[in-house]
Amino acid sequence: MRLRNIPGADEVIASDPYCIKEPNLQKGYWNKLFQNGHPIQIEIGMGKGQFLMQLARENSEINYIGIERYSSVLLRAIQKMESPESPSLKNIRFLCVDAMTLPEIFEKEEIDKIYLNFSDPWPKDRHAKRRLTSRQFFARYNQILKQEGTLEFKTDNHDLFLFSLEEIRESGWNLKACTFDLHHDTIMNQGNIMTEYEEKFSALGNPIHKFIASPKTL
């Protein structure tokens, strides 16, 4: 889907205090930026930020970094963050970068948890390596995620979910939990925070799939 370019989005992002410019300079020093030693969790493809902002509101002892490659989408998250109704959050930052550059931005084992929510399915076979749950991306995650860390993935796309489960196996990762119907799974749905897409798709009757995985041992 082609995203509509919003004039001025890049300028807003460049001047916004929540958005980190030149994030590669923070590699290995993200806790210094947050001025604490709290765990760091990231959401890749954060969209308008509803999920991550709710997490940040509920967990002040965790630092959150939202990653979104499209400036026009990240702009909506910034506007939501800076609305009068939104509480000030000191434990959240945004990056406007491509997820392929993650190993250039985060040091080895600097991240405690990764969230992937309703990622672009890239349905054509020739684009498989662009999927955020491809083995190519699992290799990148393995470089930044702590060995005891976890990756959580949610989607309503059945084919993408099956592909992702196979990529976990091929990547040597460990599947810790899995459900094909999250909202009817009393254990895995406990404490679930819904994204904008999750609200939309579940309202249409689409079952939400979710898995939790941990890195392979190096």
So [Y] and [X], do their side chains get closer than 4.5 Å, heavy atoms only?
| X | Y | value |
| --- | --- | --- |
| Glu11 | Ser71 | no |
| Ile208 | Asp181 | no |
| Phe180 | Lys210 | no |
| Leu182 | Glu198 | yes |
| His183 | Pro207 | no |
| Tyr64 | Ile40 | no |

[atom1] of [X] to [atom2] of [Y]: how many Å apart, nearest 0.5 Å?
| X | Y | atom1 | atom2 | result |
| --- | --- | --- | --- | --- |
| Ser119 | Leu160 | OG | CG | 7.0 Å |
| Arg130 | Trp122 | CZ | CH2 | 4.5 Å |
| Asn157 | Phe163 | CG | CZ | 11.0 Å |

Is there a path from Phe153 to Ile44 through hydrophobic residues (I, L, V, M, F, W, Y) whose side chains come within less than 4.5 Å of each other? yes
Parallel, tilted or perpendicular, as decided by the 30° and 60° cut-offs, for the rings of Phe211 and Phe161: tilted
Just to verify, what does Lys80 make a salt bridge (charged side-chain N to carboxylate O under 4.0 Å, His left out) with, not counting sequence neighbours? Glu196
On the six-membered ring of Phe138, is Arg135 placed so that its NZ or CZ lies under 6.0 angstrom from the centre and within 45° of the ring axis? no
Under a 4.0 Å threshold between the charged nitrogen and the carboxylate oxygen, would Glu104 count as salt-bridged to Lys27? no
